[in-house]
Amino acid sequence: MTIYNEIINLLETAVKAAAADFKDMTFKWSSDKFFLTLPGNEKFGDYASNIAFYGAAFYEKTPRELAQLIVDKLPQDKGLLAKVEVAGNGFINFFVAKERIYKELGEILALHGKYGQTSAGVGKHIQIEFVSANPTGPLHVGHGRGAATGDTLARIFKALGYDVQKEYYVNNIGNQMNILGQSVQARFAGKEIPEDGYKGNYIKEIARQISNDKIQMTNEDDFREYAIKTILGWIKKDLEDFGVVFDDWFFENTLYKQGDLKQILLEKLNREYPAKAYEADGAVFVKTTDFGDDKDRVIFRADGRPTYFASDIAYLIDKFERKPPLDQVINIWGADHHGYVPRMQAVASMLGYKEKLKIILYQLVSLKRGKETVPMSTRAGEFVTLRQVLDEVGKDACRFFFLMRSPDSALDFDLELAKKHSSDNPVYYVQYAHARISSVFKEAAKNGLMLDAVSLKIETLELLKEQEEMQLIKKLANFSKILADCARTYDPHWLTIYLQELATVFHNFYTRHRIVTENRELSLARLHLIKAVSIVLKDGLDLLGISAPEKM
RNA sequence: GCGCCCUUAGCUCAGUUGGAUUAGAGCGACUGACUACGAAUCAGUAGGCCACAGGUUCGAAUCCUGUAGGGCGCGCCA
């Protein structure tokens with residue numbers, strides 16, 4: 001178990017014991033109040049809790065008094081805590097015992113690539129649907145942010161024991177697809193592309209392919225299907241080169257193969273909550289206003305054709321009827337789709353899936369070259385593709401930049417900075433720490449210093465007494481809390497920040513203390529320490545989908 | 001007009017479930033540090049009425065209300 005969880009367990013025991021001393025037990029400590037913060041200031045200990053602030057008013061105590069009562073009930077665990085203090089207005093500060101810190105280092109080395117993983121999600125099934133761009137053109141940079149976010153969240157959830165399935169939803173029918181087919185057909189025939197058609201160069205490319213390969217086209221449908229297939233191929237390739245591989249590709253048209261979708265939806269929407277779908281003016285509406293939407297939404301037009309929303313509802317139902325049942329369905333959308341959130345949630349609510357559907361929005365990406373903004377306009381057809389950025393800055397920098405910021409904040413992606421192979425560039429900063437460690441091991445090997453099970457003794461690790469060494473181990477020990485934070489907030493950027501901080505603590509240690517020295521035992525201890533650093537760096541970078549080079 | 005997101009140092013941003021006399025990084029500016037493991041590094045200095053005004057709280061950059069500014073979205077389009 002992690003140091004963090006061990007302390008939480010002690011704390012919960014103590015709080016319950018303290019509460020039992022009061023006659024009135026009506027105050028309930030909610031479980032989300034049991035968390036520890038990592039104080040920036042050393043004098044506040046390694047972990048701190050503000051739990052005493054919550055019950056204080058109820059028990060008519062000051063937070064300080066209550067904190068003391070809780071601390072008095074803390075089970076003694078000398079191997080875990082060296083000191084516990086009540087401080088400030090009522091904080092409880094925990095100072096972790098050195099022995100426990102060495103033990104943690106031993107665990108990192110023993111668990112290797114499995115360190116930081118937990119069983120928090122064992123037995124739970126999560127599905128993440130992301131990117132899902134229409135196959136009407138190549139992916140652009142914005143899709144890249146969604147791809148990086150979804151893929152990394154999937155990797156993190158997997159590390160926490162969840163069963164994760166990544167899915168891409170393909171809109172392969174409907175008006176836009178017809179327009180795509182018509183656009184390609186027009187190009188092929190050397191005619192003008194229709195007014196509302198797709199005019200990008202890639203349309204020409206597809207038309208050229210058709211004539212070069214002498215593919216037989218009998219009607220518009222053939223052009224459409226060929227275009228979709230070709231573009232999907234590009235998308236798949238772009239994603240692969242970006243490190244993203246989907247488990248499943250779900251095609252919209254399959255929703256219409258199970259029968260009359262109108263009848264199916266009417267039946268399902270009206271089964272448990274009667275009259276959630278109704279007909280008016282010849283069209284079919286869903287009563288999303290019952291669940292917070294601004295207006296009811298049409299799912300079948302007066303002429304009988306389904307809207308996009310009809311497919312989306314059918315798709316949502318499909319997901320929730322799968323076996324084994326999904327515990328959570330995550331959708332990752334660009335913020336430009338946020339207007340769609342209320343109606344989706346309304347439908348989830350009326351079908352009883354409200355708690356299980358999580359929609360994550362990420363803000364838009366603007367590309368820069370230094371100070372210059374790179375113009376992007378979908379309307380004018382001049383958008384920068386993911387492929388272009390990938391070719392220019394590489395996968396590692398690209399993913400890192402997308403994952404550096406919280407999805408909530410708009411992202412300025414500076415191509416010039418991402419391309420720089422220098423310290424300005426945070427990707428290289430983290431990777432450099434990893435490469436540097438590899439190179440120290442080469443140096444150590446020259447001096448006959450090798451790490452093995454024999455050299456990994458607790459007495460050896462106990463030689464690590466310097467402040468920078470202790471800081472480094474403590475930083476490493478927070479890895480799994482960081483992963484849990486990413487999962488709880490559905491936000492991978494905590495990990496990106498953490499890796500930069502870990503690299504900083506390592507570089508600082510490195511410049512202050514020599515690793516390979518005459519002192520053989522100390523050298524071995526420090527080699528174990530930096531081995532642990534490289535393990536966590538590698539694991540963290542893996543989760544971000546970024547390489548951890550041995551040299552660069 | 002309505003809704004969602006945002007506004008923190010010259011620039012790009014952290015500050016997650018409210019917390020602890022000094023609100024943190026990086027870049028840029030200025031000072032220093034390699035005759036032993038990679039200076040793609042490290043240490044330090046300067047730089048901020050946390051957009052503005054109220055409110056809730058023992059405590060607010062964080063929550064609520066309003067104002068200003070920016071982005072996005074509001075179709076029987078996708």
Side-chain angles (χ1 to χ4, degrees), chain A residues 30 32-35 37 39-41 43-44 48 50 53 56-57 62-64 87-91 93 134 136 171 174-177 179 196 280-285 294-295 297-309 311 334-342 361-364 366 368 371 404-412 414 417 420-426 428-429 431-433 435-444 446-447 449 485-486 488-491 493-494 496-497 500-501 503-504 506-517 523 526-527 530 551-552:
Chain A
S30 64
D32 64 348
K33 296 292 185 269
F34 287 93
F35 59 87
T37 54
N41 195 329
K43 73 178 183 194
F44 297 142
N50 61 357
F53 289 94
T62 65
R64 261 198 90 92
N89 293 325
F91 291 94
N93 294 337
N134 287 356
T136 52
N171 300 109
N175 203 27
Q176 294 306 313
M177 293 306 125
I179 293 172
D196 54 354
D281 307 325
V284 181
F285 287 74
D294 305 333
K295 52 187 287 195
R297 307 291 171 176
V298 171
I299 54 174
F300 288 92
R301 303 175 178 92
D303 63 11
R305 284 152 57 230
T307 64
Y308 226 65
F309 192 38
S311 298
D336 51 340
H337 291 93
H338 73 256
Y340 221 70
V341 175
L361 297 175
Y362 61 90
Q363 298 297 316
L364 302 184
S366 57
K368 302 217 160 171
K371 294 217 188 288
M404 224 165 22
R405 310 274 175 243
S406 159
D408 257 353
S409 66
L411 179 70
D412 273 351
D414 186 345
L417 178 60
K420 259 193 209 169
H421 288 229
S422 79
S423 59
D424 308 358
N425 190 334
Y428 293 99
Y429 182 79
Q431 290 182 322
Y432 179 58
R436 209 176 200 188
I437 292 170
S438 301
S439 123
V440 175
F441 274 101
K442 279 180 207 131
E443 180 67 21
K446 280 188 213 156
N447 292 277
L449 287 164
D485 285 347
C486 290
R488 178 173 52 79
T489 57
Y490 300 93
D491 181 349
H493 95 286
W494 306 109
T496 319
I497 291 175
Q500 292 180 76
E501 288 171 357
T504 298
F506 164 73
H507 286 309
N508 183 23
F509 157 75
Y510 179 91
T511 43
R512 280 172 198 251
H513 303 287
R514 202 178 150 74
I515 294 159
V516 180
T517 65
S523 299
R526 287 187 172 158
L527 285 170
I530 64 168
K551 60 180 177 187
M552 44 197 287

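Letters A, B, ... are given to chains in the order of the sequence lines, protein chains preceding strands, and every chain is numbered from 1.
- Among the nucleotides B:rC42, B:rU16, B:rC37, the one closest to the side chain of A:Val516 is B:rC37.
- Going from the C1' atom of B:rC13 to that of B:rG28 covers 15 Å, rounded to whole Å.
- By the salt bridge (Lys or Arg N to Asp or Glu O under 4.0 Å) test, A:Lys33 is found to be paired with no residue, residues two or more places apart in sequence or in another chain being considered.
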Secondary structure string for RNA chain B (Watson-Crick or G-U under 3.5 angstrom, | for other-strand pairs):
(((((((..((((..........)))).(((((.......))))).....(((((.......))))))))))))....

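- A:His338 places a side-chain N or O within donor-acceptor distance of the main-chain N or O of A:Ala335, the cut-off being under 3.5 Å.
- Residue A:Lys446 is out of contact with every strand shown, counting any heavy-atom pair closer than 4.0 Å.
- Between B:rA68 and B:rU21, the two P atoms lie 35 Å apart (nearest whole Å).
- Summarising the geometry, atom CE belonging to A:Met552 is positioned 11.5 Å from atom CZ belonging to A:Arg436; distances are rounded to the nearest 0.5 Å.
- Side-chain atoms of A:Arg526 do not come within 3.5 Å of backbone N or O of A:Val516 as any donor-acceptor pair.
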If you restrict it to nitrogen or oxygen atoms, what contacts under 3.5 Å exist between nucleotides 20-24 of chain B and the protein, and what is each distance?
residue: B:rA20; atom: N6; partner: A:Asn93; partner atom: OD1; Å: 2.8
residue: B:rA20; atom: N1; partner: A:Asn93; partner atom: OD1; Å: 3.0
residue: B:rA20; atom: N1; partner: A:Asn93; partner atom: ND2; Å: 3.0
residue: B:rU21; atom: O4; partner: A:Lys43; partner atom: NZ; Å: 2.9

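- One atom, OH of A:Tyr510, and another, C1' of B:rC42, lie 11 Å apart when rounded to the nearest Å.
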Going 5' to 3' through nucleotides 70-78 of chain B, assign each nucleotide B (protein heavy atom under 4.0 Å from a base atom), S (under 4.0 Å only from sugar-phosphate atoms) or - (no protein heavy atom that close).
--BS-SBSB

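- Taking CG of A:Leu527 as the reference point, atom CG of A:Leu449 lies at 6.0 Å (rounded to 0.5 Å).
- Shown here are the ring pair (Phe, Tyr, Trp, His ring centres under 6.0 Å) partners of A:Phe441, two or more places apart in sequence or in another chain: there are none.
- Between the side chain of A:Thr307 and the backbone N or O of A:Phe309 there is at least one donor-acceptor pair closer than 3.5 Å.
- B:rA51 and B:rG69: their P atoms are spaced 16 Å apart (whole Å).
- Residue A:Ile497 is classed as a sugar-phosphate contact, given heavy-atom separations below 4.0 Å to backbone atoms only.
- B:rC27 and B:rC64 are spaced 36 Å apart, taking the C1' atom of each and rounding to whole Å.
- The distance from the CD1 atom of A:Ile497 to the CG atom of A:Asp491 is 8.0 Å, given to the nearest 0.5 Å.
- For A:Thr504 (side chain) and A:Gln500 (main-chain N/O), a donor-acceptor pair under 3.5 Å exists by modelled atom type.
- Closest approach of A:Thr136 to A:Met177, counting heavy atoms only: CG2-CE, 3.5 Å.
- Nearest to the side chain of A:His493, among B:rG15, B:rC37, B:rU17, sits B:rG15.
- Under 4.0 angstrom from either OP1 or OP2 of B:rC42 there lies at least one side-chain N or O belonging to A:Tyr429.
- Taking atom CE of A:Met552 as the reference point, atom C1' of B:rA40 lies 6 Å away to the nearest angstrom.
- The nearest whole Å value for the distance from the CG atom in A:Asn50 to the P atom in B:rU57 is 19 Å.
- Evaluation of the ring pair (Phe, Tyr, Trp, His ring centres under 6.0 Å) rule for A:Phe91 yields A:Phe53 as partners, not counting sequence neighbours.
- The pair A:Lys368-A:Asp412 meets the salt-bridge criterion, with a side-chain N (NZ, NE, NH1 or NH2) lying under 4.0 Å from an Asp/Glu carboxylate O.
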Where do N or O atoms of nucleotides 10-13 of chain B meet protein N or O atoms at under 3.5 Å, pair by pair?
residue: B:rU12; atom: O3'; partner: A:Asp412; partner atom: OD2; Å: 3.4
residue: B:rU12; atom: O2'; partner: A:Arg405; partner atom: NH2; Å: 3.3
residue: B:rC13; atom: OP1; partner: A:Ala410; partner atom: O; Å: 3.4
residue: B:rC13; atom: O2'; partner: A:Arg405; partner atom: NH1; Å: 2.4

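- Counting to the nearest Å, the C1' atom of B:rU8 and the CG atom of A:Asp408 are 16 Å from each other.
- Comparing the same atom, P, in B:rU57 and in B:rC49 gives a spacing of 29 Å after rounding to whole Å.
- With sequence neighbours excluded, no residue satisfies salt bridge (Lys or Arg N to Asp or Glu O under 4.0 Å) with A:Asp294.
- A:Phe35 is linked by a ring pair (Phe, Tyr, Trp, His ring centres under 6.0 Å) to nothing, counting only residues two or more places apart in sequence or in another chain.
- Under the rule for a salt bridge (Lys or Arg N to Asp or Glu O under 4.0 Å), the partners of A:Arg305 that lie at least two apart in sequence or sit in another chain are A:Asp303.
- Looking at A:Arg436, its side chain has no donor and acceptor atom pair within 3.5 Å of the base of B:rU41.
- In this structure, CD of A:Gln500 is placed 12 Å from P of B:rC42, rounded to the nearest angstrom.
- Aromatic stacking of A:Phe35 on B:rU17: satisfied, with centres closer than 5.5 Å and planes within an angle under 30 degrees.
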Heteroatom pairs (N/O) under 3.5 angstrom, protein to nucleotides 62-64 of chain B:
none

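- Without hydrogens or angle criteria, A:Arg64 side chain to A:Gly88 main chain gives a donor-acceptor distance under 3.5 Å.
- B:rC5 sits 31 Å from B:rG48 when the P atoms are compared, rounded to a whole Å.
- Taking the C1' atoms as reference points, B:rC50 lies 12 Å from B:rG24, given to the whole Å.
- Here A:Asn171 contributes atom CG and A:Asn134 contributes atom CG; the two are 4.0 Å apart, rounded to the nearest 0.5 Å.
- Residues satisfying the salt bridge (Lys or Arg N to Asp or Glu O under 4.0 Å) test with A:Asp485, not counting sequence neighbours, are A:Lys481, A:Arg488.
- Nucleotide B:rC34 carries a syn base; the chi torsion (O4'-C1'-N9-C4 or O4'-C1'-N1-C2) is within 90° of 0.
- In this entry the distance linking OH of A:Tyr490 with C1' of B:rU17 reads 13 Å, nearest Å.
- A donor-acceptor distance shorter than 3.5 angstrom exists from the side chain of A:Asn425 to the backbone of A:Leu417, with no hydrogens or angles considered.
- Comparing A:Asp485 and A:Ala444 by the nucleotide of RNA chain B that holds the closest heavy atom to each, the one mapping nearer the 5' end is A:Asp485.
- Atom P of nucleotide B:rC37 and atom CG of A:Asn508 are separated by 18 Å, given to the nearest angstrom.
- Remark: the separation of the P atoms in B:rA43 and B:rC4 is 43 Å, to the nearest Å.
- Residue whose closest nucleotide on RNA chain B sits further toward the 5' end, between A:Leu361 and A:Phe441: A:Leu361.
- Among the protein residues, A:Ala56 comes within range of no part of the nucleic acid, since none of its heavy atoms lies under 4.0 Å from any strand.
- Summarising the geometry, the separation between NZ on A:Lys442 and P on B:rA36 is reported as 20 Å, rounded to the nearest angstrom.
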